[in-house]
S.K.: 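First the structure, which I've put down as structure tokens, then a few questions once you've had a look.
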Amino acid sequence: QVQLVESGGGLVQAGGSLRLSCSASGRTFSSYGVGWFRQAPGKEREFVAAISWGGASTHYVDSVKGRFTISRDNAKNPVYLQMNSLKPEDTAVYYCAARRLGTATMSSYEYDYWGQGTQVTVSS
């Protein structure tokens, strides 16, 4: 069983930056594909970014391309989501997810494990 824990959320002004981290307890998830999703109040959960097990393949939703970067350091476990030039519309609870198959995917249905989420609030 893999337990995922997100950290790094908070309150930031528009134009600012945050770095989210996703760590796994219970076992290493260096061979897993990992994705970040977000859910704003009153909206459905949406895909943000994903990375393959080795980091060679990444995907982003169009609204964050050029602003967000997903990366991983398998030697140290975490997967990161660097968020720059934040906008109020980025406000949401951000979730980390992992899948045993190591490829990157945008579909939430293909992930096996989920974290509890971390709140990101961007003020205007």
Side-chain angles (χ1 to χ4, degrees):
Q1 186 71 13
V2 174
Q3 295 177 323
L4 303 178
V5 178
E6 303 96 337
S7 62
L11 173 64
V12 65
Q13 288 187 332
S17 298
L18 285 173
R19 188 177 78 162
L20 305 184
S21 296
C22 174
S23 296
S25 62
R27 62 171 296 166
T28 180
F29 71 159
S30 59
S31 63
Y32 289 28
V34 176
W36 285 96
F37 294 79
R38 66 186 179 186
Q39 187 167 19
K43 295 186 177 181
E44 293 187 353
R45 188 173 298 185
E46 70 166 345
F47 167 78
V48 177
I51 190 167
S52 59
W53 72 274
S57 177
T58 57
H59 300 293
Y60 298 92
V61 67
D62 285 346
S63 60
V64 307
K65 286 180 179 177
R67 301 189 298 123
F68 291 12
T69 303
I70 189 170
S71 63
R72 69 190 307 164
D73 181 348
N74 284 336
K76 298 181 179 179
N77 194 13
V79 171
Y80 303 105
L81 184 67
Q82 178 67 45
M83 306 187 296
N84 299 328
S85 301
L86 282 161
K87 304 176 181 180
E89 51 263 44
D90 294 318
T91 295
V93 177
Y94 283 70
Y95 297 90
C96 170
R99 61 194 301 250
R100 291 184 292 271
L101 191 60
T103 53
T105 178
M106 296 180 285
S107 172
S108 62
Y109 297 103
E110 298 189 44
Y111 286 89
D112 304 299
Y113 306 102
W114 290 84
Q116 294 300 307
T118 184
Q119 177 70 47
V120 171
T121 302
V122 184
S123 64
S124 57

S.K.: Is the ring pair Phe37/Trp114 parallel, tilted or perpendicular, if the boundaries are 30 and 60 degrees?
M.R.: tilted
S.K.: Mind checking the OG1-OH spacing from Thr69 to Tyr80? Nearest 0.5 Å is all I need.
M.R.: 14.0 Å
S.K.: Between Val120 and Gly9, which heavy-atom pair has the shortest distance, and what is it?
M.R.: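 Closest approach of Val120 to Gly9, heavy atoms only: CG2-CA, 4.1 Å.
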S.K.: Between atom OG1 of Thr105 and atom CZ of Phe47, what is the distance when rounded to the nearest 0.5 Å?
M.R.: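 If I round to the nearest 0.5 Å, the distance is 7.5 Å.
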S.K.: Report the distance from atom CG of Leu101 to atom CG of Asp112, rounding to the nearest 0.5 Å.
M.R.: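 These two atoms lie 8.5 Å from each other.
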S.K.: So, Ser63 and Arg67: side-chain donor and acceptor under 3.5 Å apart, yes or no?
M.R.: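 No donor-acceptor contact under 3.5 Å links the two side chains.
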S.K.: List the atom of Ser52, the atom of Ala104, and the distance in Å for their closest heavy-atom pair.
M.R.: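 In this case the closest contact between Ser52 and Ala104 is N-CB, 3.7 Å.
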S.K.: Considering residues, nucleotides and ligands other than Gln116, do more than 12 of their heavy atoms fall under 6.0 Å from its CD?
M.R.: no
S.K.: Side chains of Arg99 and Tyr111: donor-acceptor distance under 3.5 Å anywhere?
M.R.: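 Side-chain D/A pair, Arg99 to Tyr111: absent.
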S.K.: Do Leu20 and Glu6 have side-chain heavy atoms sitting under 4.5 Å apart?
M.R.: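 Side chain of Leu20 against side chain of Glu6, heavy atoms only: no contact under 4.5 Å found.
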S.K.: Please name the pair of heavy atoms, one in Asn84 and one in Ser17, separated by the smallest distance, quoted to 0.1 Å.
M.R.: OD1-OG, 2.9 Å
S.K.: Rounded to the nearest 0.5 Å, what separation is found between the CZ atom of Phe68 and the CG atom of Leu18?
M.R.: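 Rounded to the nearest 0.5 Å, the CZ-CG separation comes out at 9.0 Å.
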S.K.: With a 4.5 Å heavy-atom cut-off, do Thr91 and Gln119 have their side chains touching?
M.R.: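 They are in side-chain contact.
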S.K.: Could you pull out the closest heavy-atom pair between Tyr60 and Ile70, with the gap in Å?
M.R.: OH-N, 2.9 Å
S.K.: Within a strict 4.5 Å, meaning less than it, do heavy atoms of the Val64 and Arg38 side chains meet?
M.R.: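 Val64 vs Arg38: side chains touch.
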S.K.: Quick one: pull up OG1 in Thr58 and CZ in Arg72 and give me the separation to the nearest 0.5 Å.
M.R.: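 Thr58 OG1 to Arg72 CZ: 12.0 Å, rounded to 0.5 Å.
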S.K.: Flag the pair Arg100 / Tyr32 as yes when at least one side-chain heavy-atom distance between them is below 4.5 Å, and no otherwise.
M.R.: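 With C-beta onward as the side chain, the pair touches.
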S.K.: Can you name the closest pair of heavy atoms from Ala92 and Ala40 and give their distance?
M.R.: CB-N, 3.8 Å
S.K.: Using side-chain heavy atoms (C-beta onward) and a distance below 4.5 Å, is Leu4 in contact with Tyr95?
M.R.: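 When only atoms from C-beta onward are counted, Tyr95 and Leu4 do not touch, as no gap falls below 4.5 Å.
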S.K.: If hydrophobic clusters are built by linking Ile, Leu, Val, Met, Phe, Trp and Tyr wherever their side-chain heavy atoms come under 4.5 Å apart, do Tyr94 and Val61 end up in the same one?
M.R.: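 Yes, Tyr94 and Val61 fall within the same hydrophobic cluster.
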S.K.: Under 4.0 Å between a Lys/Arg side-chain N and an Asp/Glu carboxylate O for Lys87 and Asp90?
M.R.: no
S.K.: Kindly compute the distance separating SG (Cys96) from OH (Tyr113), expressed to the nearest 0.5 Å.
M.R.: 13.0 Å
S.K.: With hydrophobic residues grouped by side-chain heavy-atom distances under 4.5 Å, do Met106 and Trp53 end up in a single group?
M.R.: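 Shared cluster, no.
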